[in-house]
**Student:** 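Okay, here's the structure, questions in a sec.
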Amino acid sequence: MKIFLIPFLTIFTASAIETNADGTYLISSAEDLCEFSALVNGGKRDLNALLTNDISMKDCDFTPIGTSSMGYCGTFDGQGFTIDSLTISLTSTDGVGIFGYIDSACILNLTAGAANNIKGKAFVGGLVGDKIGSGTARIECCGHEGKVTGSAQNAAAFVGCVHSGSLVLSYCYNSGRVTGGRESAIFCGWMGGSSSAISYCYNSGTLSAGVDGSNYLYRSSPTVTSVYDSSGRQNTTRFTLTQRRNGALAWMLNGNSPDGFFRQNLDNGQATDDHPVLSPRHGIVYASGTLKCDGTSASSTAAFSNTDNATYLPHDFVHGLCSVCSMVDMEYMYTDYEGYYEIATPEALRWFAYMVNTVPGHTTDFCRITADIDMTGYSFPGIGTNDVPFCGEIDGRRNIISGLTMKRTGETGVGLVNVGTDGLEIHDLTLAASCNFTGYRYVGGFAGKVSGEKGGHVYFSNLGFEGTVNVNDNGGGIVGCVPNNDFTAHFTNCYTVGTINGVSDNGALSGWSTGARIRNCYVLVKGKGWESGHDICRGFTPHFTNSFACGGAQTGSGLDTFTQTEMQDGTLLGKLWPDAYHQEIGTDTHPLLSHPIVSDAAPEALPNAIRSLNGTWIDGSWFDLSGRALNGRLPNGSRIIIRDGKKVLMK
């Protein structure tokens, strides 16, 4: 009886791994790591774990954590420790790594040591073999120093392949070696979804076989920010051997600051590091001598140390921005009594963009453009970023921006507003023919990308786009892409007569906006890269009302066609709802935007110059006298509504 009882008890005994108060597994040995893998692969795929020290896996028979049917989706925090001397030789198996398959996992603060040797067939990674599931996986503050070999496709230092969902890779490094079959890369053999990103990472290792053309570091099109490579491949920043060894690379990766994640023993009495590492037990890197305010050396020779002995030069503010580091001088401009920043110059527009992007708490701010602005010769960062999407208001006040050029080849999210989110409103503004926007994906004149996990509404009204968009995919005259189908974009009284130059999946109005509400708009389809039948606005079930297109193949209820002759001779103007547009026949080649005049005067005192908008659609930024938002046609009998806190008489 005992012979059968002992194995029975062994199978069902509670885990021998210690846990802390919140149930996180504390892994301190090779045996613990092997048991953790067995628990995950046996069905407990959402377990969390902490490494409590460096672990040697020498002579251990280890099975990767996570299977194709049980992808790991917990949080694994290495706490700056290393898993080393791990040998996995599964040359006929797909999905091989410390983690075989992951779903929406989070892997933190872990280094795969130089003595690791991971071998598999396809989808092989030094950390992760294959990412499955629709969620986003995150790998942060992780290093790879070992060897990875895949006999088939998709070998990489970090993740072999992202089959579904997205991958965010940040503050990571590779100094190891990857050898693969086809379509292999250093960071990831395929990065997957549109939300994938690589930021603040570096590579000093090698890919000896399996490179796909010029895609040495990654394949697919992730957002890439501050990535460094020993040869500067794929539009990354090149660094030298000296910079890797003397602390310069660590300093740059940390944003020219001692406060980042990368550490390196230089002169602190510990064993010197050959390259930046991610262990908090190594030395903080400081720049030495006299430094500019951006952390770069004020002299021709930069030096670095584990001792803080630097002095900094003061900021040099010019038109509200430091000429060295672009820090914002918040005393440069104040809001008016209604809470709007009044923008009348190129310098003021640049200041507003930098303030929103870099000063916490300003993503909901409002601005009014109070004069035509010529941006020729001025660099412009765009308003909003992936980290701080803009959800405020831009009121163009019937003005025109000209000469705005944003050339950001290889980047995603490019436009007057790079990245917006729920509540964004842009209205009463024209971008002239001299405006030019260039990026890889999600490029639009007024907004490149609308982001956010929960969805919402964004509003574009009384806008004209006459410039050029250059993009690979998902470009549009008004907005490049609204990737989350839970968002609704409202386009009211908008036109595009500009050019969209792309490869695929573009739209004259928007490259993707599911369920868009398009009211009293017209578009001239010019350029290339259209999806057949969806060249006005790509996305599921756009709703057109009294809108018109020339040169496009898209059809739908509420969408009619016009010719270029009709655009010039006033025929198109007659089809558009009254008072939204105007045109001087013989002078204007197309209808231009008109706008109702807003006054603080009592409604009965408003002049007759405020013309009829009866029958037109109005967006959610208009309210009745009870404060209720109006979405749809103007209610019968309504003559007084509220816009921007002011009464407007609609006649």
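The first residue in the sequence is number 1, and the count goes up from there. All values derive from a computational prediction rather than experimental measurement.
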**Student:** Identify the two heavy atoms, one from H144 and one from A157, that lie closest to each other, and give their separation to 0.1 Å.
**Tutor:** ND1-CB, 3.5 Å
**Student:** My understanding is that only residues two or more places apart in sequence, or in another chain, count here; which of them pass salt bridge (Lys or Arg N to Asp or Glu O under 4.0 Å) with E531?
**Tutor:**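 Salt bridge (Lys or Arg N to Asp or Glu O under 4.0 Å) list for E531, sorted by chain: R538.
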**Student:** Do any pairs count as a side chain to side chain donor-acceptor pair (under 3.5 Å) and have a residue in residues 294-305, sequence neighbours left out, and if so which ones?
**Tutor:**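 Side chain to side chain donor-acceptor pair (under 3.5 Å) check on residues 294-305 returns D267-S305, D294-T296, S297-S299.
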**Student:** Verify the distance criterion only: is there a donor paired with an acceptor across the side chains of D22 and T24 at less than 3.5 Å?
**Tutor:** yes
**Student:** Any donor and acceptor pair, going by atom type alone, linking the side chain of N472 with main-chain N or O of R441 inside 3.5 Å?
**Tutor:**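 Answer holds: no.
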**Student:** With sequence neighbours left out, write down each residue that passes ring pair (Phe, Tyr, Trp, His ring centres under 6.0 Å) with Y218, or none if nothing qualifies.
**Tutor:**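 If we apply the ring pair (Phe, Tyr, Trp, His ring centres under 6.0 Å) test to Y218, skipping adjacent residues, there are no hits.
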**Student:** At their closest point, which heavy atom of C293 faces which heavy atom of V324, and how far apart are they?
**Tutor:** SG-CB, 3.6 Å
**Student:** Could you list the residues that satisfy side-chain hydrogen bond (donor to acceptor under 3.5 Å, both in side chains) with E145, not counting sequence neighbours?
**Tutor:**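 Scan of E145 (side-chain hydrogen bond (donor to acceptor under 3.5 Å, both in side chains), adjacent residues dropped) gives Y173.
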**Student:** Considering non-hydrogen atoms only, spot the tightest contact between I17 and F36 and give its length.
**Tutor:** CD1-N, 3.7 Å
**Student:** Write out all pairs satisfying side chain to side chain donor-acceptor pair (under 3.5 Å) with one or both partners inside residues 150-165, taking only residues at least two apart or from two chains.
**Tutor:**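 Found D130-H163.
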**Student:** Please enumerate all residues that pass side chain to side chain contact (heavy atoms under 4.5 Å, CB included) together with T240, with sequence neighbours excluded.
**Tutor:**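 For T240 the side chain to side chain contact (heavy atoms under 4.5 Å, CB included) partners, ignoring immediate neighbours, are R238, T242, Q243.
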**Student:** Please collect all side chain to side chain donor-acceptor pair (under 3.5 Å) contacts where either partner lies in residues 94-110, sequence neighbours excluded, each pair once.
**Tutor:**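 Listed once each, the pairs are D77-N109.
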**Student:** Donor-acceptor pairs under 3.5 angstrom involving side-chain atoms of residues 111-124: please list them, not counting sequence neighbours.
**Tutor:**
| from | atom 1 | to | atom 2 | distance (Å) |
| --- | --- | --- | --- | --- |
| N116 | OD1 | S85 | N | 3.0 |
| N116 | OD1 | L86 | N | 2.9 |
| N116 | ND2 | I83 | O | 3.1 |

**Student:** When you compare the side chains of N470 and T438, does any donor N or O come within less than 3.5 Å of an acceptor on the partner?
**Tutor:**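 Checked: N470/T438 side chains pair up, N/O donor to acceptor below 3.5 Å.
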**Student:** Is there any salt bridge (Lys or Arg N to Asp or Glu O under 4.0 Å) pair reaching into residues 240-262, and which pairs are they, with sequence neighbours excluded?
**Tutor:** R244-D274, R245-D274
**Student:** So which heavy atom on L167 is nearest to which on V162, and how close?
**Tutor:** CB-CG2, 3.7 Å
**Student:** Listing request: all salt bridge (Lys or Arg N to Asp or Glu O under 4.0 Å) pairs with a residue in residues 211-236, at least two apart in sequence or in separate chains.
**Tutor:**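 Residue pairs passing salt bridge (Lys or Arg N to Asp or Glu O under 4.0 Å), neighbours aside: E183-R219, D212-R219, D229-R233.
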**Student:** Assess the residue pair T307 and N309 against the criterion (side-chain hydrogen bond (donor to acceptor under 3.5 Å, both in side chains)); give the C-alpha distance rounded to whole Å, side-chain angles, the decisive distance to 0.1 Å, and a yes or no.
**Tutor:** CA-CA 6 Å; T307 302; N309 56 15; over 6 Å; no
**Student:** Under the ring pair (Phe, Tyr, Trp, His ring centres under 6.0 Å) test, which residues partner Y200, sequence neighbours left out?
**Tutor:** Y171
**Student:** Excluding sequence neighbours, so at least two apart, what forms ring pair (Phe, Tyr, Trp, His ring centres under 6.0 Å) with H282?
**Tutor:** none
